[in-house]
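Notes for the one structure printed next.
Counting starts at 1 for both ligands and their atoms, in listed order.
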Amino acid sequence: MKVTDHISQAKDTLISFEVLPPLKGKGIEALYNHLNPLMEFKPSFVNVTYHRSEHVFKKRADGSFEKVVIRKRPGTESICAAIMNKYNVDTVPHLICGGFNINETEDALINLRYLGIDNVLVLRGDAAKNETAFEPEPGGHKYANELLKQVANLNAGVYLDDDLKGTHKTEFCIGVAGYPEKHFEAPNMDTDLQYLKAKVDAGADYIITQMFFDNKKYFAFVDACRAAGINVPIIPGLKPIYSKKQLTILPKTFHIDLPSDLSNEVLKCKTDEEVEKVGAEWLLAQSRELKAYGVPVLHYYTLGRPNLIAGVVKQLV
Ligand code: FAD
């Protein structure tokens, strides 16, 4: 079922989760163990992130280095199918521009259709570790908007090979990313919103936001989107703080601010167990306020902390 159908049929705020594919070398049981404590909350859908290949330098026995390409977390599409099969829940694979040419993208979308997957979250992806700025694959897409148009074309039965006749129309429900604190490459919020609107005008059905820790940023973002004529559902993405290191890692990696009330409380903590308690209380307060505001879905980035998230969601229902 499509994310937008879940939303339109809901009587209350829905719950959804985002998970990462297991690290190469681990079995899928690691992912099931992660999801098991969360499934009692009957999420409407589970997102599965996509991780592209990266170049790394491996040290040889003689001390020299060899450049190798590795993919640490393969399997997004098959993991979606496995989760659907095991838990009977809808899944949303993340699909990125980086590392794909348009033919590979088309084949990936066809495979997702064969697997019975109704949703995709369309993203550009970040620069690869060896790049200073995002580089599209030769013959690939530069921006999420271009990838989105390819998905919208398939939904209209338009494939890359225009000799194909009587083609099957896919029916993907298309999500895109939005940034309450602005995407870090955008010169300003207005420009970022213009590009977000272009994604919606090209067929995006809903937006999921980057994590934020200050609900005021989300409320202002929704107001700005509505003023810009963006009228699709805007799903807040939420993540807990659980270690002191995150005070520097999160702003650096995701280009977001942490409110001083939160960072001051974290700094007072003596252990990461104490930080986890502060993080859970903050997440619960954020979730309660967003629910009262009437958000369509509370979407949790569960990254390694399913029990913390489960403890928070339990207090919401
Ligand atoms: P775009 O919408 O293409 O925007 C990128 C930048 O270009 C923005 O600054 C925008 O303002 C600008 N822009 C957009 N269109 C144009 C245009 N036509 N001309 C000029 N400028 C333009 N990354 C992964 O690798 N895997 C994942 O699974 C993943 N999941 C994510 C989930 C969520 C909810 C979010 C918020 C992010 C996720 N990311 C993921 C990270 C994402 O790939 C990065 O944030 C990336 O830098 C931008 O992706 P985007 O889809 O927002 O890009």
Next on the checklist: Please work out, at 4.0 Å between heavy atoms, whether the side chain, the backbone, both, or neither of Arg124 comes within that distance of ligand 1.
Outcome noted: both
Next on the checklist: Can you tell me which portion of Phe134 lies within the under-4.0 Å heavy-atom range of ligand 1? Options are side chain, backbone, both, or neither.
Outcome noted: neither
Item to check | Residue and atom name of the nearest protein heavy atom (relative to atom 42 (C) of ligand 1), distance in Å to one decimal | outcome: Tyr179 OH, 3.8 Å
Checklist entry - Among protein heavy atoms, which lies nearest atom 12 (C) of ligand 1, and at what distance? => result Tyr195 CD1, 3.9 Å
Checklist entry - Are there protein heavy-atom neighbours of atom 4 (O) of ligand 1 below 4.0 Å? => result no
Next on the checklist: Check this for me - ligand 1, Lys142, N or O atoms closer than 3.5 angstrom, yes or no?
Outcome noted: no
Next on the checklist: Under 4.0 Å from a heavy atom of Asp192: which atoms of ligand 1 are those, numbered in the order shown and with their elements?
Outcome noted: 8 (C), 9 (O), 10 (C), 11 (O)
Item to check | Per-atom contacts, ligand 1 versus Thr49 - under 4.0 Å to a heavy atom | outcome: 28 (O)
Next on the checklist: Salt bridge or not between Arg305 and Glu276? Use side-chain N to carboxylate O under 4.0 Å.
Outcome noted: yes
Checklist entry - Gln286 and Asn215: side-chain donor and acceptor closer than 3.5 Å? => result yes
Checklist entry - So, Arg226 side chain and Ile230 main chain: donor-acceptor pair closer than 3.5 Å or not? => result yes
Item to check | Numbered atoms and elements of ligand 1 in range of Tyr301, under 4.0 angstrom, heavy atoms | outcome: 34 (C)
Checklist entry - What part of Tyr143 sits under 4.0 Å from ligand 1 if we count only heavy atoms: the side chain, the backbone, both or neither? => result both
Checklist entry - Can you check whether Gly125 has an N/O within less than 3.5 Å of an N/O in ligand 1? => result yes
Item to check | Nearest non-hydrogen protein atom, atom 41 (C) of ligand 1 | outcome: Asp126 OD2, 4.0 Å
Checklist outcome for this item: Residues at least two apart in sequence or cross-chain that pass ring-ring contact (aromatic ring centres under 6.0 Å, His included) with Phe184, listed by chain then number, are His255
Checklist entry - Among side-chain atoms of Thr49 and His51, is any donor-acceptor pair under 3.5 angstrom? => result yes
Checklist outcome for this item: In short, Glu54 meets Lys72 closest at the heavy-atom pair OE1-NZ, 3.8 Å
Next on the checklist: Count I, L, V, M, F, W, Y as connected when their side-chain heavy atoms are under 4.5 Å apart, and connections chain through other members. Are Leu196 and Leu148 then in the same cluster?
Outcome noted: yes
Item to check | Per-atom contacts, ligand 1 versus Ala186 - under 4.0 Å to a heavy atom | outcome: 9 (O), 11 (O)
Next on the checklist: If you measure every N or O of His183 against every N or O of ligand 1, does any of those distances drop under 3.5 Å?
Outcome noted: yes
Checklist entry - Within a strict 4.5 Å, meaning less than it, do heavy atoms of the Tyr32 and Lys86 side chains meet? => result yes
Checklist entry - Salt bridge check: are Lys268 and Glu265 linked by an N-O gap of less than 4.0 Å? => result yes
Checklist entry - If you measure every N/O of Tyr50 against every N/O of ligand 1, is any gap under 3.5 Å? => result yes
Checklist entry - So do the side chains of Leu164 and Thr167 get within less than 4.5 Å of each other, counting heavy atoms only? => result yes
Next on the checklist: Using a strict threshold of under 4.0 Å (side-chain N to carboxylate O), is an ion pair present between Asp272 and Lys245?
Outcome noted: no
Checklist entry - Judging by distance only, is a nitrogen or oxygen of Glu185 under 3.5 angstrom from one on ligand 1? => result no
Checklist entry - Is Lys199 touching ligand 1 with its side chain, its backbone, both, or neither, if touching means heavy atoms under 4.0 Å apart? => result side chain
Checklist entry - Thinking salt bridges, do Arg113 and Asp118 make one under a 4.0 Å N-O criterion? => result yes
Checklist entry - Looking only at distance, does Ile208 have an N or O less than 3.5 Å from an N or O of ligand 1? => result no
Checklist entry - Do any nitrogen or oxygen atoms of His94 lie less than 3.5 angstrom from nitrogen or oxygen atoms of ligand 1? => result yes
Next on the checklist: Just to be sure I read this right, does ligand 1 sit under 4.0 Å from the backbone of Phe254, its side chain, both, or neither, counting only heavy atoms?
Outcome noted: neither
Checklist entry - Is the side chain of Asp205 donor-acceptor paired with the backbone N or O of Ile174 at a distance under 3.5 Å, no angle test? => result yes
Checklist outcome for this item: Filtering Leu123, Leu121, Val176 for the heavy atom nearest atom 39 (N) of ligand 1 leaves Leu123
Checklist outcome for this item: For Ala177, the ligand 1 atoms with a heavy-atom partner under 4.0 Å come out as 35 (C), 36 (C), 52 (O)
